[in-house]
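Remarks on the structure that follows.
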Amino acid sequence: MERGMISVDRWGEGSQVYFLTHLHADHTVGLSPRWNKGPVFCSHISARLFHHKFPGFDTSLIRTLEIGQWYSLSLVSLTTGSQTKVEVMSIEANHCPGAVMYLFRGVFGITLYTGDFRWEVTSETTQMGKNMLLKALKNDKIDTIYIDNTYCNPSYSFPSREVAAQQVVNIINTYPEHDIIIGIDTLGKEDLLLYISKILNIKIWVWPERLQTMHLLGLHDNFTTKSTLTRVRAVPRYSFSVETLEGLNTMHPTIGIMPSGLPWKLKGKDKSCDLSSLKTETGNDLHMNMRNRYTNNIEKYHQYIYTVPYSDHSCFSELVEFVKYLCPNNIKGIVSSSLSYIDPCYHLHNIYGTSSLFPKHLIKEERARVEGECESTLSCDSFTQVKLKSKRIKHSRLHLRKTRVSLLRRFKRGAKLTTEDCSDD
DNA sequence: GCGATCAGTT
DNA sequence: CACAACTGATCGC
């Protein structure tokens, strides 16, 4: 992509067109109701949710794209100053409602920006995305994939959301007399709640604003704001804490369930997990065996709290499948926070194109190459953040060390940290 | 009042 | 231990 032309999920100055993958807060930093920098392209569902999230947003700036359809844009190349054609197609990302990837085709070649996505082979949505990509690309090869590297490390492994949803149902069934609370965000995990609602044939309580979101998503039957109607409540994740659960339990026995890709652990406490009391609904042994590998992921985080590996991001093996399927020339991580922006690419490049690991003597070289590559994806945002952070005196030791290391490392490598890096690709 | 940034939380 | 996604406090304007 050429700088100054296209921004995806970045809302700083200096682009001709802006693309939104989905409406989670960490992808909309800089977007506000008074946005006026340029047209915002997004999916129909995101467009529908837009006004809820940003009341008063200038509707004339929103351009909705039909999924799986090519659109042509005429942009100005900042390097040549002349008009250039860019084609774009949005593809189902299977992350949260309205989430899409963007496939771009232009003078810069073919670029796929995945945004956050889940590449779940058992999911129909993923199959749709797969077919769209196949159809869109024909025999062409993607030059660069900007990939959701959130869980791009072999240590991250979790089951399909269908399996995880059943785990949640199993936990709920284990406590027939308990109230249940489930931690969720402002968007996402609707399928999990729907599954629970349908299997157990109950409504699920959500807070009033969340009910509005449900209605905007066309979900009218399975949710309620009347707490007397149900024992299962979905609550904002930030109000879901050990204290909350302990407080609730002084009034009525209550179990909390956290759906998350990461197995949370309570610091220094007993991590033991009593799964013996958990039964499958069907008692199906095969089902049980299939899940066996993952059962350890159901953690009893606390006396009253379970965590279940229900993730809206791809796990490592899914990322591997994705990359193998598309065979791009280049891979760059989107998530550049903390120290994770190096390892992810490293892991993917290791498996990419070959079933075995690189010979030991090549690994160092490969790592250096990959690290250099990832370096170029650094945004000025993260740089200024680092600069500001290192100036501060009051800071946790860990943070201070981290920023120093990464500042030093970036400086040593001579990474270009100009506004050029900020805007797009 | 506003956006930007940071700390803290699960 | 980590992550994503979010809230609330604080700062500068």
Side-chain angles (χ1 to χ4, degrees), chain A residues 9 11-13 21-37 53-54 56 93 95-96 99 115-118 148-158 181-189 207 209-210 213 234-246 256-269 271 297 299-302 304-316 319 333-344 347 380-403:
Chain A
D9 290 350
W11 312 96
E13 313 258 356
T21 61
H22 65 290
L23 274 170
H24 276 155
D26 52 333
H27 291 254
T28 57
V29 177
L31 252 185
S32 78
R34 281 161 301 287
W35 171 263
N36 62 1
K37 289 175 185 152
K53 177 136 182 151
F54 302 110
H95 172 65
C96 71
D116 292 346
F117 78 109
R118 178 106 199 231
D148 169 18
N149 54 321
T150 302
Y151 294 126
C152 192
N153 182 306
S155 63
Y156 293 127
S157 155
F158 32 76
I181 68 171
I182 301 169
I184 60 167
D185 291 320
T186 54
L187 189 62
K189 310 275 197 296
W207 63 102
E209 218 183 322
R210 196 62 161 89
T213 305
V235 303
R237 205 168 52 169
Y238 60 84
S239 72
F240 183 109
S241 66
V242 171
E243 286 71 33
T244 312
L245 263 299
E246 284 172 350
I257 300 173
M258 271 320 269
S260 167
L262 276 183
W264 294 351
K265 299 223 165 74
L266 212 52
K267 274 186 267 177
K269 293 237 177 120
K271 312 179 274 193
N297 290 7
E299 294 277 351
K300 197 152 187 188
Y301 172 84
H302 173 266
Y304 304 127
I305 304 177
Y306 288 90
T307 73
V308 173
Y310 188 101
S311 172
D312 285 330
H313 294 267
S314 301
C315 66
F316 183 70
L319 291 174
I334 290 171
V335 183
S336 62
S337 65
S338 70
L339 303 170
S340 68
Y341 71 92
I342 284 170
D343 281 343
H347 288 303
C380 70
D381 285 355
S382 56
F383 179 57
T384 46
Q385 211 177 339
V386 167
K387 250 177 25 185
L388 286 170
K389 269 189 191 167
S390 60
K391 267 194 222 162
R392 305 220 163 212
I393 303 163
K394 285 181 207 163
H395 222 97
S396 78
R397 188 160 292 188
L398 179 71
H399 255 112
L400 199 60
R401 201 177 64 229
K402 260 191 191 172
T403 52

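Below, each value reflects all heavy atoms present in this structure, side chains not excepted, and no hydrogens, waters or symmetry copies. Protein chains get the first letters and strands the later ones, always in sequence-line order, with residue 1 at the start of each.
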Q. Using a cut-off of less than 4.0 Å, is there contact between a side-chain N or O of Thr186(A) and OP1 or OP2 of dC6(C)?
A. yes
Q: Have a look at His95(A) and say if it touches a base, only the backbone sugar-phosphate, or nothing, with a 4.0 Å heavy-atom cut-off.
A: sugar-phosphate
Q: Round to a whole Å and report the spacing from CZ of Arg237(A) to P of dG8(C).
A: 15 Å
(Q) Please verify the inter-ring angle class for His27(A) with His22(A); under 30° counts as parallel, over 60° as perpendicular, anything in between as tilted. (A) tilted
Q) When we call it a touch if two heavy atoms are under 4.0 Å apart, what does Asp116(A) touch: a base, just sugar-phosphate, or nothing? A) sugar-phosphate
Q. For the side chain of His27(A), counting heavy atoms from C-beta on, which of dA5(C), dT7(C), dC3(C) is nearest?
A. dA5(C)
Q: Between dC3(C), dC6(C), dT10(B), spot the one nearest the side chain of His24(A), thanks.
A: dC6(C)
Q. Roughly, in whole Å, what's the span from CH2 in Trp207(A) to P in dC6(C)?
A. 9 Å
Q. Given dC6(C), dC3(C), dT10(B), which nucleotide is nearest the side-chain atoms of Leu262(A)?
A. dC3(C)
**Q.** Integer-rounded Å distance: dT9(B) C1' and Leu245(A) CG
**A.** 14 Å
Q. Taking CG from Asn153(A) and P from dA2(C), how many angstroms apart are they, rounded to a whole number?
A. 13 Å
**Q.** Heavy-atom closest pair, residues Gly115(A) and Asp148(A)
**A.** O-CB, 3.1 Å
Q: Using whole Å, report how far CG of Asp9(A) lies from P of dA5(C).
A: 11 Å
(Q) With a 4.0 Å limit, can you tell me whether Thr150(A) has a side-chain N or O closer than that to the phosphate oxygens OP1/OP2 of dA4(C)? (A) yes
Q) Taking atom P of dC6(B) as reference, at what distance in whole Å does atom CG of Asp26(A) sit? A) 16 Å
Q) Expressed in angstrom and rounded to an integer, what is the separation of Asp185(A) atom CG from dT10(B) atom C1'? A) 10 Å
Q.
Using the side-chain heavy atoms of Tyr238(A), tell me which of these nucleotides is nearest: dT10(B), dT7(C), dC3(C).
A. dT7(C)
Q) Could you state the interatomic distance from CD (Glu209(A)) to NZ (Lys53(A)), rounded to the nearest 0.5 Å? A) 10.0 Å
Q: State, with a plain yes or no, whether a side-chain heavy atom of Ser314(A) is found less than 4.5 Å away from one of Leu319(A).
A: yes
Q.
I'd like to know whether Phe54(A) forms a side chain to side chain contact (heavy atoms under 4.5 Å, CB included) with Leu23(A), so could you lay out the CA-CA distance, the side-chain angles of the two residues, the decisive distance to 0.1 Å, and finally the verdict.
A. CA-CA 10 Å; Phe54(A) 302 110; Leu23(A) 274 170; 4.0 Å; yes
Q. Base, sugar-phosphate alone, or nothing: which one does Ser32(A) contact when heavy atoms must sit under 4.0 Å apart?
A. sugar-phosphate
Q | Protein-nucleotide distance (Lys189(A), atom NZ; dT10(B), atom P), rounded to Å | A | 17 Å
